[in-house]
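Presented below is the structure to which this report refers.
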Amino acid sequence: MATIVEPRLPRGMRDTLPGKMIQRRYVIGVIERVFERFGFEPLQTPVLELEQTLTGKYGPDAEKLIYNARHRQGKEDLALRYDLSVPLSRVVAMNPELLKPFKRYQIAPVWRAERPQKGRYREFYQCDADIVGTSSMLADAEIIAMIFAILNELGFRQFVTKLNNRKVLTALGEYSGVSPVLLGGLYRALDKLDKIGREGVRDEMLQNQIPAETVEKILDLIALPVDNPDAWAERLQDYPRGVEGINELKALVQFARGMGVSTERLQIDLTMVRGLEYYTGPIFETVVTEPKIGSLTGGGRYDGLIGLFSKNSLPATGTSLGIERIIDVMDELKMYPSDLGTTVVQVFVTVFDGERRAASLAVAMDLRAAGIDTQVWFDLDGLGKQLKYAAARGIPYVIIIGPDEAAANIVTLRNLATGEQQQIARTEIVKIMREKLAQA
RNA sequence: GUGGGAUUAGCUCAAUGGUAGAGCACCGCACUGUGGAUGCGGUGGUUGUGGGUUCAAGACCCAUAUCCCACCCCA
């Protein structure tokens, strides 16, 4: 007798049962349609990459979270992908013949060995859309406009996309005169401004070994409104990078407006920082305010990443939507369309008894041939049990064929939601079912 | 990776260190040609896992796993 293995999942990983899968498929479907509406095309890449493909791209903190993999006898060091941007960059470098601008989307799982929490998992799907081969801010604006289209279509009303530019942060570093090794600490403190306030940022910077004099200089700078690029441009006028970053942001906002993005949902925040090391230009992040769940989307421009795989570097920009968090929020706020059922099955055909089984199977196969999702009962059980099952599954219609129906060459069609029943001719079943399902 | 909380039936939760319970769900019967209503009855547990203390542990101690919360970071 074999011992039973306790069924368990690895930490931070989950199964998705059919009921949830239907909701998930709906969300992914919306995202895919919008991606394609904006002219992006699908791409698929392997779950595993060579370890060297991933290392040195994300920064030391993020790199610790990469899952390594190797076959028992394998010679290559492999790793589970950490995001979809680095694999994209690898693909672009390997396929120089791809027409530019190259616009692709990819919806696929990525793995990060973080400590799990709500909205944070070790295996999760990212939905990425990126544009490779142009430096135009119009591309960044198109990404933003697309994020808005997706979130709107999913029913989100309370969200805001924050914008900043790495070039501004770089200039801020130059302005502060802080040594490069301390820059990380400076940025991290800065990023928390809206959370911990000026005093908090001061404490944090001092704790991060940043000289008091420098801290005051930074505090003085961030006393300027974080959403006022002109004020910052004036202050940073001696730092051409910063001015350039601010001009890019202004162009980006203007283009986005031109694409119908409402201004109150776009928020320039010159203190926002994003962790991944490869960003070089505009960076963006969308957050919802009601359930506190972190960011729903994150992205930015990474003009140097492809250059790590090819002599011919290419500018690129894009975003990632976090479908797990989107789904967690939609669950909490019950945002799914009311007609999204709990099953794909549209009709359930009961089996009355052994004698009538053949008739039921024939009806079921006719329905299936007509493209209607149909289930039949396998065992010889009472109608009560079968109806109970169909109702519990959320199947909308049930067909009953007993001796009376068989004799009259009809079937009984029952609507499980209303309890309504009608008799229909055997030959009319497909036609009538099609009509019923089309109305719903 | 750091700190805290939780873990008891399928689900939500009880049980002064002394015989593990309730509601819902499930199954059966009243109702062998019809689910959701009502009534009655029933199944269901190595109390997350492994050790320890004790005459006795669901409870106390240690370890460990998972989930949740706050950091860190992020989708």
Side-chain angles (χ1 to χ4, degrees), chain A residues 4-14 27 31 58-65 82-85 107-128 147 184-185 187-189 191-192 195-196 200 204 208 272-277 283-288 292-300 318-329 348 350-353 356 377 380-407 411-421 423:
Chain A
I4 290 173
V5 177
E6 189 194 352
R8 296 200 304 123
L9 283 168
R11 181 177 215 186
M13 306 203 181
R14 304 163 302 159
V27 173
I31 294 173
Y58 303 107
D61 287 345
E63 197 162 307
K64 286 182 205 145
L65 306 177
Y82 179 88
D83 73 352
L84 301 175
S85 301
I107 298 175
V110 301
W111 291 265
R112 298 181 185 179
E114 287 187 283
R115 186 124 159 191
Q117 254 180 64
K118 192 187 201 72
R120 163 180 295 191
Y121 309 96
R122 288 187 159 193
E123 176 184 64
F124 62 97
Y125 273 68
Q126 288 197 324
C127 308
D128 274 35
I147 291 171
Y187 290 148
R188 254 173 279 136
D191 192 35
K192 294 183 194 162
K195 214 173 183 178
I196 61 179
E204 182 105 6
N208 289 335
M272 181 192 73
V273 180
R274 289 191 50 78
L276 295 182
E277 218 164 54
I283 48 181
F284 16 92
E285 179 171 291
T286 308
V287 292
V288 283
K292 261 182 60 191
I293 203 160
S295 48
L296 253 37
T297 83
T319 192
S320 182
L321 304 240
I323 196 184
E324 319 297 344
R325 287 183 181 175
I326 288 174
I327 285 173
D328 282 349
V329 174
F348 181 92
T350 59
V351 169
F352 190 85
D353 57 19
R356 252 58 62 165
W377 192 249
L380 293 176
D381 289 304
L383 281 183
K385 185 167 181 175
Q386 300 183 48
L387 282 247
K388 196 167 185 172
Y389 172 87
R393 283 282 306 278
I395 299 169
Y397 291 100
V398 166
I399 283 173
I400 297 161
I401 308 168
D404 300 345
E405 287 88 348
V411 304
T412 295
L413 177 65
R414 180 178 179 85
N415 178 326
L416 281 188
T418 62
E420 259 177 286
Q421 258 180 217
Q423 318 250 279

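Just so you know, these numbers use all the heavy atoms, side chains as well, and skip hydrogens, waters and symmetry mates. Chain naming here is simple, since letters A, B, ... match the order of the sequence lines and numbering starts at 1 in each.
- The separation of B:G4 from B:A9, taken at their C1' atoms, amounts to 29 Å, rounded to a whole angstrom.
- No donor-acceptor pair closer than 3.5 Å links the side chain of A:Arg122 to the backbone N or O of A:Met13.
- Rounded to whole Å, atom C1' of B:G33 lies 11 Å from atom CZ of A:Arg356.
- In terms of phosphate contacts, A:Lys192 brings no side-chain nitrogen or oxygen within less than 4.0 Å of OP1 or OP2 of B:C71.
- By the 6.0 Å and 45° rule, A:Arg14 stacks over the aromatic ring of A:Tyr121.
- Each of A:Asp61 and A:Glu405 has a nearest nucleotide on RNA chain B; the 5'-most of these lies closest to A:Glu405.
- The aromatic ring of A:Tyr389 does not sit over the base of B:G35, since the test of centres under 5.5 Å and planes under 30° is not met.
- A:Ser295 contributes no side-chain N or O that, together with a main-chain N or O of A:Thr286, makes up a donor-acceptor pair within less than 3.5 Å.
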- For RNA chain B, what dot-bracket results from Watson-Crick or G-U pairs at under 3.5 Å, with [ ] for crossers and | for inter-strand partners? (((((((..((((....[..)))).(((((.......))))).....(((((..]....))))))))))))....

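- Heavy atoms of A:Gly384 sit under 4.0 angstrom from primed sugar atoms or phosphate atoms, though from no base atom.
- With A:Thr319 contributing its side chain and A:Gly298 its backbone, the two residues share a donor-acceptor pair below 3.5 Å.
- Using a 4.0 Å heavy-atom distance criterion, A:Thr297 is classed as a sugar-phosphate-only contact.
- Between the side chain of A:Gln421 and the base of B:G33 there is no donor-acceptor pair of N/O atoms closer than 3.5 Å.
- Distance from the side chain of A:Phe352 is smallest for B:G33 among the nucleotides B:U34, B:A75, B:G33.
- Salt bridge status for A:Arg356 with A:Asp353: present, with a side-chain N to carboxylate O gap under 4.0 Å.
- In this structure, CZ of A:Arg112 is placed 17 Å from P of B:G1, rounded to the nearest angstrom.
- Considering only heavy atoms from C-beta on, A:Asp404 stays 4.5 Å or farther from A:Phe352 through its side chain.
- B:G3 and B:G17 have their P atoms separated by 29 Å, given to the nearest Å.
- When distances run from any side-chain atom of A:Leu416 to the nucleotides B:G35, B:C74, B:C72, the shortest one goes to B:G35.
- With hydrogens and angles ignored, the 3.5 Å screen pairs no side-chain donor or acceptor of A:Asp191 with any backbone N or O of A:Tyr187.
- For the residue pair A:Tyr58 and A:Asp83, a side-chain donor N or O sits within less than 3.5 Å of a side-chain acceptor on the partner.
- Considering all non-hydrogen atoms of both residues, A:Ile401 and A:Thr350 come closest at N-OG1, 4.1 Å.
- Nearest-nucleotide assignment on RNA chain B puts the 5′-proximal partner with A:Gly419, out of A:Gly419 and A:Gly298.
- The CD1 atom of A:Ile31 sits 11 Å away from the C1' atom of B:A75 (whole-angstrom rounding).
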Using a cutoff of under 3.5 Å, can you pull out all pairs of nitrogen or oxygen atoms linking the protein to nucleotides 63-69 of chain B, with atom names and distances?
| residue | atom | partner | partner atom | Å |
| --- | --- | --- | --- | --- |
| B:A65 | O2' | A:Arg8 | NH1 | 2.7 |
| B:C67 | OP1 | A:Gly12 | N | 2.6 |
| B:C69 | OP2 | A:Lys118 | N | 2.9 |

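- Following rounding to the nearest Å, A:Asp404 (CG) and B:U34 (P) show an atom-to-atom distance of 12 Å.
- Considering only side-chain atoms of A:Arg414, the nucleotide from B:G36, B:A75, B:G33 that sits closest is B:G36.
- Residue contacts for A:Ala417: at a heavy-atom cut-off of 4.0 Å it reaches a base atom on one of the strands shown.
- Protein atom CG of A:Leu276 is 6 Å distant from nucleotide atom P of B:C74, rounded to whole Å.
- A:Glu405 and A:Thr412 share a side-chain donor-acceptor pair at under 3.5 Å.
- Rounded to whole Å, the distance from NZ on A:Lys64 to P on B:C72 is 14 Å.
- Summarising the geometry, the separation between CG on A:Asp381 and C1' on B:G28 is reported as 14 Å, rounded to the nearest angstrom.
- A:Lys385 places its NZ atom 18 Å from the C1' atom of B:G36, with the value rounded to the nearest Å.
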